[in-house]
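One is the number of the first residue; the rest follow in order along the sequence. First listed ligand is number 1; within each ligand, the first listed atom is number 1.
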Amino acid sequence: MIIIMLGAPGTGKGTVSSLLEEKTGYKQVSTGDIFRQNIKEQTELGKIADSYISKGNLVPDDITIGIVENRLEEDDVKKGVILDGFPRTVKQAEALDTYLQEKGRKIDMVLNLTTPEDEIIERIVNRRVCSNQQCKAVYNVVMNPPKQKGICDKCGGNLTQREDDKEETVKTRINNYIEQTSPLVEYYEKKGVLRTEVVSKKINHLGKQVADEIERDIKNK
Ligand code: ADP
Ligand code: ZN
């Protein structure tokens with residue numbers, strides 16, 4: 001099973017992916033998390049990635065494609081994988097198609113999350129993440145605050161704000177999404193694998209509901 005998460009920054013790709021991982025046992029693979037881990041460990045890859053990510057820009061395709069292809073070779077993703085944040089350009093999508101074709105695998109579902117832009121910005125600037133890499137729980141200081149300020153409910157780790165979650169960088173990320181990633185909606189629609197879900201508090205439909213619905217549909221298949 002291969003599920004791809006598509007959607008602008010702050011639509012809840014990470015939230016839905018980790019809920020689906022818990023429910024299904026399919027492995028969440030987040031390119032953003034891989035980059036952040038490398039930045040933290042100050043690896044060569046981390047240094048390169050940081051020079052793009054800190055400005056809100058995408059990491060170059062050749063680097064990103066190589067990382068994902070290597071990750072897809074590992075045993076823990078053979079049963080199922082939820083690609084969270086990849087592909088993000090048409091070039092990445094084409095490379096993934098070629099790779100999967102060679103392996104005799106196929107994409108089962110592309111879950112496209114959409115959220116009104118005002119809600120996205122509000123959500124991102126209020127987002128705090130657990131700095132414990134084994135946990136990575138996500139909070140919102142308004143909508144979903146931790147019990148104790150700055151401390152993760154699940155593991156007691158410190159909560160931090162992502163460097164690229166500051167308001168100036170968020171605007172760049174959204175524009176890059178519109179220009180470089182949104183063409184993938186049509187790309188996957190044409191392939192007949194697209195499923196669009198609105199994630200918005202205005203209609204009381206948030207990541208948790210989406211994950212529940214997807215889990216149900218996968219089970220009933
Ligand atoms: P968000 O979806 O909120 O932007 P992510 O954690 O998915 O957060 O990504 C953080 C950053 O990592 C992106 O802004 C981008 O710079 C980089 N990144 C993640 N995935 C990719 C990708 N597939 N291609 C290029 N850059 C990526
Ligand atoms: Zn934690």
Problem set entry | Thr98 side chain to Glu94 backbone, donor-acceptor under 3.5 Å | yes
Exercise. Which distance, rounded to the nearest 0.5 Å, do you find between the CZ of Arg128 and the CG of Asp165?
Worked result: 8.5 Å
Problem set entry | Heavy-atom donor-acceptor pair, Glu119 side chain to Lys201 backbone, under 3.5 Å | yes
Seminar exercise, completed: Protein N/O/S atoms closer than 2.8 Å to the Zn ion (ligand 2), ordered by chain and number, come to Cys130 SG, Cys135 SG, Cys152 SG, Cys155 SG
For this session: Any salt bridge (Lys or Arg N to Asp or Glu O under 4.0 Å) involving residues 45-59? Give me the pairs, sequence neighbours left out, ordered by first then second residue.
Result: Glu44-Lys47
Exercise. Side chain of Ser131, backbone of Thr160: donor and acceptor closer than 3.5 Å?
Worked result: no
Contacts table for residues 1-16: side-chain donor-acceptor under 3.5 angstrom, sequence neighbours left out:
| from | atom 1 | to | atom 2 | distance (Å) |
| --- | --- | --- | --- | --- |
| Thr11 | OG1 | Ala8 | O | 2.8 |
| Lys13 | NZ | Gly7 | O | 3.0 |
| Lys13 | NZ | Ala8 | O | 3.3 |

For this session: Check whether any side-chain N or O of Glu179 sits under 3.5 Å from a backbone N or O of Asn176 as a donor-acceptor pair, and report yes or no.
Result: no
Problem set entry | Those protein residues which place at least one heavy atom below 4.0 Å from ligand 1 | Pro9, Gly10, Lys13, Thr31, Gly32, Phe35, Arg36, Ile53, Asn57, Leu58, Val59, Thr64, Gly85, Phe86, Arg88, Gln92, Arg127, Arg162, Asp164, Arg173
For this session: Tell me, yes or no, whether the heavy-atom count around Lys149 atom NZ, taken from other residues, nucleotides or ligands under 6.0 Å, exceeds 12.
Result: no
For this session: May I ask you to say whether Arg88 pairs ionically with Asp61, meaning some side-chain N is under 4.0 Å from a carboxylate O?
Result: no
